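Just so it is clear, the structure is predicted and the values come from calculations on it, not from any experiment.
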Amino acid sequence: MFKFLKILGRNLKQGPSTQIFPLGEAPTPKRFRGRVVVDPSKCVGCGICKHVCAGRAINIEPDKNKQGYSFSVWHNTCALCGMCRHYCPTKAITLSNDWHNAHLQSKKYDNAEHHFIPYSRCRSCDAPMRRLPPELVLKIYTDKSLDMMPLLSLCPQCRQVATAEREAPQVETTTQEPLLKKETNDE
Ligand code: SF4
Ligand code: SF4
């Protein structure tokens, strides 16, 4: 009895030793893996997250009119493993601190996040195309002498033409070089 009164007195003086949930919010650790959040402005529709998703919680479907694609995350089946965040090349996926995932069985199909992500347009031919974030391109092409930025707003076909036009003088030089060497050897 004395011990109980001692603990009670200490708790009244210092406050409770345990979290007061559900009467207050329970803090989460910094690296807690909670509900998946998608930033549509960063997504390029590569599909890696869907490929690695253990819970088959992610679905990416191209639009019938080829104007974009739909992106869905079903929180009901998400296992919070974090693989989608780990492999997303543009950091479009984060795992928040939100752990409030309890829901009625009848609401399981509502417990999802849906986005329609439109394609951007080629500045030359106006064809719909997937967006290429500059930060991702700079990460891939580390050679700073290559100016990739003007090519980012072109579709793959126009990009090929533009690259060929840009590289044409160098192509002529490289094709002529072996011919000159051959003439020298023949002498
Ligand atoms: S991995 Fe990232 S960029 Fe690729 S589709 Fe998923 S969210 Fe979008
Ligand atoms: S956290 Fe894991 S289970 Fe959830 S959507 Fe991402 S890859 Fe799928």
Side-chain angles (χ1 to χ4, degrees), residues 19 21 25-144 146-163:
Q19 303 299 335
F21 184 82
E25 273 300 316
T28 50
K30 206 174 167 191
R31 296 176 67 191
F32 183 82
R33 295 200 304 247
R35 180 180 278 254
V36 167
V37 177
V38 183
D39 182 349
S41 68
K42 288 186 181 171
C43 177
V44 293
C46 65
I48 292 175
C49 54
K50 180 181 174 181
H51 181 71
V52 299
C53 179
R56 298 178 74 89
I58 296 178
N59 194 30
I60 301 172
E61 289 286 338
D63 174 34
K64 278 193 287 239
N65 300 323
K66 299 183 179 170
Q67 298 304 308
Y69 55 95
S70 62
F71 190 110
S72 308
V73 184
W74 298 95
H75 299 299
N76 199 46
T77 56
C78 173
L80 306 173
C81 65
M83 294 293 273
C84 52
R85 176 182 65 180
H86 180 76
Y87 284 104
C88 176
T90 62
K91 307 285 177 226
I93 294 187
T94 49
L95 266 67
S96 66
N97 273 4
D98 184 4
W99 46 268
H100 299 85
N101 206 24
H103 56 275
L104 295 171
Q105 175 72 356
S106 58
K107 299 277 180 196
K108 66 179 180 182
Y109 294 118
D110 300 333
N111 191 25
E113 185 176 335
H114 302 287
H115 298 283
F116 179 76
I117 305 178
Y119 292 138
S120 58
R121 293 269 168 190
C122 172
R123 74 177 150 81
S124 176
C125 69
D126 202 38
M129 56 176 256
R130 287 186 195 272
R131 212 173 42 82
L132 283 172
E135 58 275 18
L136 181 63
V137 174
L138 290 174
K139 210 168 163 184
I140 297 168
Y141 295 95
T142 47
D143 183 353
K144 298 291 176 233
L146 294 170
D147 185 11
M148 303 302 295
M149 291 305 134
L151 302 176
L152 297 189
S153 51
L154 296 173
C155 68
Q157 286 74 24
C158 294
R159 212 176 298 151
Q160 280 181 347
V161 174
T163 310

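- Summarising the geometry of L80 relative to G34, their closest heavy-atom pair is CD2-O, 3.3 Å, with the distance given to 0.1 Å.
- Annotation: Y87, atom OH; neighbour count of heavy atoms from other residues, nucleotides and ligands within 6.0 Å does not exceed 12.
- Here the shortest heavy-atom pairing between C125 and C122 reads N-SG, 3.4 Å.
- In this structure, H51 NE2 and I58 CD1 are separated by 12.5 Å, a value rounded to the nearest 0.5 Å.
- Counting all heavy atoms, side chain and backbone alike, N59 lies closest to K50 at OD1-NZ, 3.6 Å.
- Distance check, rounded to the nearest 0.5 Å: NE2 of H103 to NZ of K108 gives 8.0 Å.
- The two residues P40 and H115 come nearest to each other via the heavy atoms CG-ND1, 3.4 Å.
- By the ring pair (Phe, Tyr, Trp, His ring centres under 6.0 Å) test, H114 pairs with W74, sequence neighbours left out.
- Rounding to the nearest 0.5 Å gives a distance of 10.5 Å between SG of C155 and CZ of R123.
- Here Y119 contributes atom OH and K66 contributes atom NZ; the two are 9.5 Å apart, rounded to the nearest 0.5 Å.
- The shortest heavy-atom contact between I60 and G47 is CD1-CA, 3.8 Å.
- Taken to the nearest 0.5 Å, the CG atom of N111 stands 5.0 Å off from the CZ atom of R35.
- When atom types are taken as modelled, the side chain of T90 and the backbone of K42 share a donor-acceptor pair closer than 3.5 angstrom.
- Nearest approach of T163 to R159, heavy atoms of both residues: OG1-O, 2.6 Å.
- Between the CD1 atom in I117 and the SG atom in C43 there is a gap of 4.0 Å [rounded to 0.5 Å].
- For the side-chain contact (heavy atoms from CB on, under 4.5 Å) with M83, the lone residue among I48, I93, V52 that qualifies is V52.
- Checking side-chain atoms of R131 against main-chain N and O of S41 turns up a donor-acceptor pair under 3.5 Å.
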